[in-house]
Amino acid sequence: MKKITILGSTGSIGCSALDVIGKNPERFQVVALAAGKNIALLKKQIERFKPKVVAVSTKETALKLRYSLTNKDKVKIFYDKEGLKEIASFPSADVVISAISGSAGLIPTIAAIEAGKDIALANKETMVMAGEIVTGRAIKKRVKIIPVDSEHSAIFQCLEGQKSKNLRRIILTASGGPFLNFTGNELKKVSLSQTLRHPNWKMGKKVTIDSASMMNKGLEVIEAKWFFNVDFSHIDVLIHPQSIVHSMVEFVDGAFLAQMGIPDMKLPIAYALTYPERIINDLPSLNLVKTGNLEFRNPDIKKFPCLGLAYAAGICGGTAPVVLNAADEIAVAAFMEKKVRFIDLPKIIETVLDVHNSINTPSLEDILQADLWARRETSRIIERIM
Ligand code: MG
């Protein structure tokens with residue numbers, strides 16, 4: 001029986017993870033959950049999965065949750081950043097699913113590693129912001145970090161049993177998002193609701209917007225660098241609108257391995273929890289005849305500059321990826337509030353990156369400082385252009 005903690009249990013990944021766990025009660029037991037403010041959903045999760053401890057974002061939310069539960073729900077409730085750390089390092093857990101959205105996921109993920117927990121990592125920001133520190137600490141603590149992000153799960157599966165010296169390159173696939181075939185002029189007028197309509201994947205809002213701008217793929221390129229210890233010159237991106245090939249690898253002899261399947265996060269989540277085992281699920285089987293043609297093309301970096309910005313920040317290294325990520329979070333939040341346009345996103349991020357002095361081999365403190373600085377700087381730039 002594997003004991004599981006979920007950080008971000010009410011988000012899209014958290015809910016899918018609980019779905020997998022609920023269907024395999026003989027394999028998994030939930031011991032701790034952390035959520036933000038969605039008490040109604042967290043309450044249902046507590047009643048169903050009976051965790052020993054939970055955490056929410058604020059004291060006020062914790063009190064509301066306490067009142068909404070009955071006496072028989074003997075769950076301990078924590079709150080705030082300290083509460084989140086408490087959940088991340090909860091002693092009886094074997095695996096922590098790190099699925100908080102955004103940079104807020106970094107510190108609790110590190111806390112889980114320090115506590116010796118294996119990590120199922122859905123929070124790509126952990127690797128983007130602090131890949132060197134996180135992978136280093138995981139080795140020290142003999143902790144396994146298994147990818148949940150579908151592309152990285154695909155690569156992880158393709159590389160299983162292979163020698164890393166035989167890898168020539170990694171090819172991350174990208175659906176291209178809802179605006180793949182839009183012209184530059186059409187992109188100027190896209191609305192928030194259009195941006196939130198992803199053609200293949202059902203995901204949280206932030207990652208859906210990042211998919212439309214290709215920033216998501218950019219962050220994933222940096223994530224792949226740290227997950228698989230490969231240079232950026234060996235990581236390529238291909239647009240694949242059908243989202244059937246979840247990513248692939250090429251070996252030195254020219255052999256390709258690709259992982260395919262229907263686009264459903266429950267598969268990579270289950271694999272991260274059961275690796276190296278595989279378990280039966282109720283997902284429909286992929287019908288390649290019905291799927292029809294599988295297309296591949298090169299990404300258009302002129303039309304979607306975020307991908308180029310991410311490569312540049314990744315190659316620069318140091319705190320540049322931290323700034324890229326923070327600037328994107330603030331810019332996307334402003335887009336959700338309709339303060340800026342979709343096409344402003346790369347311009348804002350580039351402006352912030354241009355004025356940043358990157359620190360090489362940053363400490364965790366340097367990373368958090370750079371994150372804060374970039375947030376303030378991005379907000380300032382947004383105020384100016386509004
Ligand atoms: Mg992904």
Side-chain angles (χ1 to χ4, degrees), residues 8 11-17 20 97-103 105 109 119-129 131 145-159 170-180 195-228 230 232 235-249 258-273 275 283 296 299 304 306-307 309-311 314 321 324-325 328-329 332:
S12 169
I13 295 284
C15 290
S16 293
V20 171
I97 302 176
S98 170
I100 291 176
S101 167
S103 57
T109 307
I119 309 288
L121 189 67
N123 176 264
K124 59 191 67 153
E125 291 80 0
T126 296
M127 287 296 190
V128 171
M129 294 173 74
I145 308 182
I146 315 274
V148 169
D149 208 346
S150 62
E151 295 79 359
H152 304 74
S153 175
I155 295 159
F156 182 74
Q157 291 176 59
C158 292
L159 289 178
I170 281 172
I171 302 137
L172 290 166
T173 53
S175 70
F179 309 137
L180 176 60
T195 312
L196 289 172
R197 247 175 268 141
H198 195 279
N200 305 340
W201 291 94
K202 248 189 96 212
M203 306 177 287
K205 280 185 186 168
K206 162 73 168 46
V207 53
T208 305
I209 295 169
D210 280 347
S211 293
S213 72
M214 294 288 290
M215 180 55 93
N216 183 51
K217 209 51 52 183
L219 296 173
E220 288 180 353
V221 166
I222 303 173
E223 185 187 5
K225 186 229 157 20
W226 293 110
F227 250 122
F228 306 108
V230 284
F232 287 102
I235 306 172
D236 292 335
V237 171
L238 274 184
I239 301 290
H240 168 47
Q242 292 79 20
S243 296
I244 295 297
V245 173
H246 296 316
S247 276
M248 45 196 153
V249 298
Q259 188 261 331
M260 300 159 79
I262 58 160
D264 192 311
M265 286 309 293
K266 290 199 256 321
L267 201 150
I269 290 168
Y271 191 68
L273 295 179
Y275 164 81
L283 297 175
F296 298 93
F304 299 102
C306 285
L307 182 60
L309 290 175
Y311 265 105
L324 172 90
N325 177 68
D328 180 57
E329 281 187 22
V332 167

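Sequence positions, counted from 1, serve as the residue numbers for this chain. Both counts, for ligands and for their atoms, begin at 1 and track the order of listing.
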Among all residues two or more places apart in sequence or in another chain, which pass the side-chain contact (heavy atoms from CB on, under 4.5 Å) test with Pro178?
-> Pro199, Ala212

For Ser12 and Gly204, work out which heavy atoms get closest and say how close.
-> CB-N, 3.9 Å

Partners meeting side-chain contact (heavy atoms from CB on, under 4.5 Å) with Lys202 (sequence neighbours left out) | none

Which residue pairs pass the salt bridge (charged side-chain N to carboxylate O under 4.0 Å, His left out) test with at least one member in residues 208-218, sequence neighbours excluded?
-> Glu151-Lys217, Lys206-Asp210, Lys217-Glu220

Under 2.8 Å from the Mg ion (ligand 1), protein N/O/S atoms total 3

Looking only at heavy atoms, which two atoms of Ser150 and His246 are closest? And how far apart?
-> O-CB, 4.1 Å

Say whether Asn325 and Lys124, considering side chains only, have a donor N or O and an acceptor N or O under 3.5 Å apart.
-> no

